[in-house]
Every structure is written in structure tokens, then in C-alpha cells.
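One structure is given below, encoded as C-alpha cells.
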Amino acid sequence: MPRARQDGAALAEAVAMRPKDWGAGFEAQPLARSAEGTIALLDDQCRWQRTALPDDVLASLSLYSQLPGTGKRGTVRVTATVTVHTAVLDADDHVSATLEEALRCPEQQVRADERIAELMSVGTPLGMRGNNYADDSVLETGVYLTGAGTGTGTGKAFYRWMVTRLGPVTMTVSIKGAEAYTVAELEQFMTRGTTTMLDRVRYELGGGEG
């Protein structure tokens, strides 16, 4: 288990999904990765902000990828986040907080002209509802709204966010859908990102693959 921030950062780098890991055609977004030494947190005004790492987090890394639109299809955006906590209990608290955020903030500000709304979340601990892959998981569903200021937005897209935990490591996959993609197609990306990172954590922590 990582004990120092340097070790946590190395683990996060080894686990997080790169563009090529998502499949053919994916590339890095213009902002390809989060700022070093920061973590994304939802503030009291339901706005996502990046802040300095708290004492109970060794490292947190977000990598941003996209599948550019072609023909009638729009651009799919995906984010993979790996957070390495100092202890299993701290990681468990992080998952619990995630489950509550959709209740506290059913609409959340992502950027100045981007929101996620109509949020609902469900938690699935190990051994329940088919969860035989992670110590805990949370799935959040909703819509992604784009358009300056109003909150209603000029565009509305599929949105999914899944958090899983293995020991002291939490992994997040979020997807913003696009025109002409089915739900099944988009959920395949979520499955790929989640299972790949879970396998990598098992390997890095000495548990073997899968």
C-alpha cells in the first residue's frame, strides 16, 4: 500500500485511463490532465472546484479524453480520475460522500457554461446487485447541459458518473454523451474504463489481474 505522496502519485499514473485505453479514435482533450497536487471537490454552492489535496489524500489525478465527432455523430468526452487515500476508511468516506452529493446538489456547476442536472445516484456495496468487482461503487445518472448562464442550456446530453473503490483507491469514470450515440454504446465506454482501472489497481497492489 502506498504511504507517501510520491508513491500515491505513481500509483494514480499507472492506473488512470489514457486516450488510447478507451478505444480507437480517442485523443486527449485540450486540457488533458488535472493540476498536480489538487483534487476536485463539490463546494457548498454546488460548484466543482479544484483545491489542494487534503491530509487524507496522497494523490488524485484526472485525465480527460474525447472521441471527436464524425458525420452526424458529436464528440464524446470522458474523464478518468484516480484518488489514492491514506487509509481504507478515508476512501470509504469519499464514496459515501459521493452518494450523498446528488441529493445535496441535484444540479451542479462544472464550468462557467456547463452544468449537470437531474442527478440521481445509487450505491452498490460488494456482494449486492451483482457487485462482485469492487469493495463499493456508486452510479450517478443525469443530463449534461451546455450554454452560458441560464442553467437550462443550449444543449442537453447523456451523462453518467461511476465511482468504484478497491481498498484505499477510488476510481471515477464520467461520460458526456453526444448526438447519434445510443445509451448502450456510451455505457460500453464506462464499463471499459471501470474494469480496466480496477484490474490495474489489483495488479499494482499485488492482487493479480481481474
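Predicted model, so just to flag it, every value in this text is computed and none were measured. Keep in mind that the numbers below use all heavy atoms, side chains included, and drop hydrogens, waters and symmetry copies.
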Handout entry: side-chain hydrogen bond (donor to acceptor under 3.5 Å, both in side chains) evaluation trace for Q109 with W48
Key = CA-CA 6 Å; Q109 190 83 40; W48 283 99; over 6 Å; no
Exercise for the section: Applying side chain to side chain contact (heavy atoms under 4.5 Å, CB included), name anything that partners T195, two or more places apart in sequence or on another chain. Expected result: T191
Practice task
First locate atom CD of E107, then atom CD1 of I116, and finally report the distance between them rounded to the nearest 0.5 Å.
Solution key: 9.5 Å
Handout entry: R200 side chain to A16 backbone, donor-acceptor under 3.5 Å
Key = yes
Practice task
Quick one: closest heavy-atom pair of A117 and L145, and the distance?
Solution key: CB-CD1, 3.9 Å
Exercise for the section: Report yes if the side chains of R5 and V84 come closer than 4.5 Å at any heavy-atom pair, otherwise no. Expected result: no
Practice task
Establish whether V122 and V183 are linked, either directly or via other cluster members, by ILVMFWY side-chain heavy-atom contacts under 4.5 Å.
Solution key: yes
Exercise for the section: Just jot down the side chain to side chain contact (heavy atoms under 4.5 Å, CB included) partners of M128, sequence neighbours excluded, or say none. Expected result: T124, P125
I'd like a table of donor-acceptor pairs (distance under 3.5 Å, sequence neighbours excluded) in which one partner is a side-chain atom from residues 55-62, with atom names and distances.
residue	atom	partner	partner atom	Å
S60	OG	T83	OG1	3.0
S62	OG	T81	OG1	2.7

Exercise for the section: State, with a plain yes or no, whether a side-chain heavy atom of L205 is found less than 4.5 Å away from one of M1. Expected result: yes
Practice task
Using the rule that two of Ile, Leu, Val, Met, Phe, Trp, Tyr join whenever any of their side-chain heavy atoms come within less than 4.5 Å, decide whether V201 and V138 are in one cluster.
Solution key: no
Practice task
Would you mind listing every disulfide (SG to SG under 2.5 Å) that reaches into residues 21-111, with sequence neighbours excluded?
Solution key: C46-C105
Problem - Check: K176 and V76 side chains under 4.5 Å, non-hydrogen atoms - result: no
Exercise for the section: With side-chain contact (heavy atoms from CB on, under 4.5 Å) as the test, would you mind laying out the steps for E118 and Y144 before giving the verdict? Expected result: CA-CA 9 Å; E118 302 176 24; Y144 207 106; over 6 Å; no
Handout entry: Non-neighbouring partners of E36 that pass side chain to side chain contact (heavy atoms under 4.5 Å, CB included), sequence neighbours left out
Key = none
Exercise for the section: Start with the C-alpha gap between R47 and R115, add the side-chain angles, then the distance that decides, and say whether side-chain contact (heavy atoms from CB on, under 4.5 Å) holds. Expected result: CA-CA 9 Å; R47 299 173 302 186; R115 289 176 175 266; over 6 Å; no
Tabulate below the donor-acceptor pairs under 3.5 Å that side-chain atoms of residues 88-96 make, not counting sequence neighbours, or state none.
residue	atom	partner	partner atom	Å
D90	OD2	T86	OG1	2.7
S96	OG	D92	O	3.2

Problem - Close side-chain approach of L126 and Y133, heavy atoms under 4.5 Å - result: no
Handout entry: Flag side-chain contact, heavy atom, 4.5 Å: S65 against E27
Key = no
Practice task
Using the disulfide (SG to SG under 2.5 Å) rule, collect all pairs that involve residues 58-94, keeping only residues at least two apart or in two chains.
Solution key: none
Practice task
With the side chain counted from C-beta on, respond yes when M17 and T79 share a heavy-atom pair under 4.5 Å apart, and no when they do not.
Solution key: no
Practice task
If a pair satisfies ring-ring contact (aromatic ring centres under 6.0 Å, His included) and one of its residues is in residues 110-131, list it, with sequence neighbours excluded.
Solution key: none
Exercise for the section: Can you run down the side chain to side chain donor-acceptor pair (under 3.5 Å) pairs that involve residues 177-186, sequence neighbours left out, and say none if there aren't any? Expected result: R73-E185, T182-E185
Practice task
Might you point out which heavy atoms bring V78 and Q29 nearest each other, and give the distance in Å?
Solution key: O-NE2, 3.6 Å
Exercise for the section: Group every Ile, Leu, Val, Met, Phe, Trp and Tyr by side-chain heavy-atom contacts under 4.5 Å, then state whether L42 and V110 land in the same group. Expected result: yes
Problem - Distance in Å, D199 CG paired with E204 CD, rounded so as to fall on 0.5 Å steps - result: 11.5 Å
Problem - With sequence neighbours excluded, residues passing ring pair (Phe, Tyr, Trp, His ring centres under 6.0 Å) with F189 - result: F26
Handout entry: Shortest non-hydrogen separation from L139 to M190 and the atoms involved
Key = CD1-SD, 4.0 Å
Practice task
Using salt bridge (Lys or Arg N to Asp or Glu O under 4.0 Å) as the criterion, list what pairs up with E114, not counting sequence neighbours.
Solution key: R77, R111
Practice task
Examine L63 and L67 and state if one hydrophobic cluster contains both, with Ile, Leu, Val, Met, Phe, Trp and Tyr joined whenever side-chain heavy atoms are less than 4.5 Å apart.
Solution key: no
Problem - Minimum heavy-atom distance between R50 and A35, given as atom pair plus value - result: NE-N, 4.3 Å
Ignoring hydrogens and angles, write down the donor-acceptor pairs under 3.5 Å from the side chains of residues 159-172, residues two or more places apart or on other chains.
residue	atom	partner	partner atom	Å
R165	NH1	G167	O	3.0
T170	OG1	H85	NE2	3.2

Exercise for the section: For the pair D21 (side chain) and R18 (backbone), establish whether a donor and an acceptor sit closer than 3.5 Å, ignoring hydrogens and angles. Expected result: yes
Practice task
Check V173 against G193 and note the closest heavy-atom contact, atom names and distance.
Solution key: CG2-C, 3.8 Å
Fill in the blank from the handout: All heavy atoms of T98 vs all of E140, minimum pair found to be O-OE1, 4.2 Å
Handout entry: R202 side chain reached by M197 side chain, heavy atoms, under 4.5 Å
Key = no
